[in-house]
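Below is one structure, written out as structure tokens, with a few remarks after it.
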Amino acid sequence: MPLLDVSDVLLDPDFADTITVYRQAVTVGNDGRVVSTQTTFNTGAVITPDKFSTLQRMAEGSVVSETITVTTQFRLAPSIDGYDADEILWNGKRYVVIAVGDCTRYGAGFIEASASLKGMSPP
């Protein structure tokens, strides 16, 4: 089973969605302030829920925690030298990549990433 190539399924439009990936290069300017340059990519991915959504109520407001798993051929990245963590726009929500794993068991060139919902829900 580990050698099973499921590339046809992961690339099939019946299972894959189009996502927008935001990648931000981060540098420090001469004035000591952070300067970021954003690049946008559109790619295909299979999205599945990772954990149930949870609501955390705090004095500052309510926060909804939601995590998804993204399987794609696009090389997503958590925070690395010179770059913030990739952000993903899917289904009208923006997620931040928190972990990435190599999934060659799904066929050549696939990665699997966990991404957490970005932002706060209204109080």
Side-chain angles (χ1 to χ4, degrees):
M1 176 116 148
L3 301 176
L4 182 64
D5 184 359
V6 294
S7 298
D8 289 342
V9 175
L10 291 174
L11 298 173
D12 190 317
D14 290 335
F15 296 103
D17 285 329
T18 300
I19 62 171
T20 303
V21 177
Y22 299 95
R23 181 163 290 164
Q24 294 188 40
V26 179
T27 57
V28 178
N30 293 334
D31 58 0
R33 294 181 184 226
V34 174
V35 177
S36 61
T37 306
Q38 181 171 278
T39 308
T40 305
F41 305 93
N42 289 317
T43 187
V46 174
I47 310 291
T48 55
D50 191 26
K51 298 178 185 173
F52 292 109
S53 296
T54 56
L55 173 66
Q56 298 174 352
R57 293 184 181 247
M58 300 177 288
E60 299 83 21
S62 298
V63 177
V64 175
S65 174
E66 179 180 315
T67 309
I68 58 172
T69 299
V70 182
T71 306
T72 180
Q73 288 181 315
F74 187 87
R75 296 290 171 189
L76 294 169
S79 185
I80 56 174
D81 282 345
Y83 291 90
D84 273 344
D86 286 344
E87 294 183 8
I88 298 166
L89 179 65
W90 174 72
N91 206 22
K93 296 178 184 177
R94 200 149 170 169
Y95 297 84
V96 178
V97 174
I98 56 176
V100 176
D102 181 19
C103 289
T104 53
R105 68 182 182 269
Y106 292 135
F110 283 95
I111 60 102
E112 189 171 74
S114 288
S116 182
L117 183 64
K118 181 179 178 181
M120 295 181 68
S121 65

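Not measured: the values here are computed from a predicted model.
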If I take atom [atom1] from residue [X] and atom [atom2] from residue [Y], how far apart are they, to the nearest 0.5 angstrom?
X    : Y    : atom1 : atom2 : result
R94  : K118 : CZ    : NZ    : 5.0 Å
T18  : L89  : OG1   : CG    : 11.0 Å
F41  : L76  : CZ    : CG    : 10.5 Å
E112 : D50  : CD    : CG    : 8.5 Å
E66  : I68  : CD    : CD1   : 7.5 Å

>> Looking at N91 and K93, would you say the former's side chain and the latter's main chain have a donor-acceptor pair under 3.5 Å?
In response: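 Checked: no pair found.
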> Are the side chain of S116 and the backbone of V96 linked by a donor-acceptor contact shorter than 3.5 Å?
Replying inline: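 Such a contact is absent between S116 side chain and V96 backbone.
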>> Hydrophobic clustering (ILVMFWY, side-chain heavy atoms < 4.5 Å, transitive) - are V21 and V26 grouped together?
In response: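 Different hydrophobic clusters.
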> Is there a path from W90 to F74 through hydrophobic residues (I, L, V, M, F, W, Y) whose side chains come within less than 4.5 Å of each other?
Replying inline: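 Result: yes, single cluster for both.
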Does [X], at its [atom1] atom, have more than 12 non-hydrogen atoms belonging to other residues, nucleotides or ligands within less than 6.0 Å?
X   : atom1 : answer
D81 : CG    : no
D14 : CG    : yes
Y83 : OH    : no

So which atom in [X] and which in [Y] form the shortest heavy-atom distance, rounded to 0.1 Å?
X    : Y    : result
A113 : V100 : CB-CG2, 4.0 Å
Y95  : A115 : CB-CB, 3.7 Å
A45  : V70  : CB-CG1, 3.7 Å
A77  : R23  : N-NH2, 4.1 Å

>> For D84 and S79, which I'm curious about, is there any donor-acceptor pair between the side chains at under 3.5 Å?
In response: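 D84 vs S79: no donor-acceptor pair found between side chains.
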>> Run I111 and R75 through side chain to side chain contact (heavy atoms under 4.5 Å, CB included) and show every step you take.
In response: CA-CA 7 Å; I111 60 102; R75 296 290 171 189; 2.6 Å; yes
>> Test side chain to side chain contact (heavy atoms under 4.5 Å, CB included) on F110 and L11; report intermediate values, then the result.
In response: CA-CA 10 Å; F110 283 95; L11 298 173; 4.1 Å; yes
>> D86 vs I88, test: side chain to side chain contact (heavy atoms under 4.5 Å, CB included). Steps then yes/no.
In response: CA-CA 7 Å; D86 286 344; I88 298 166; 5.5 Å; no
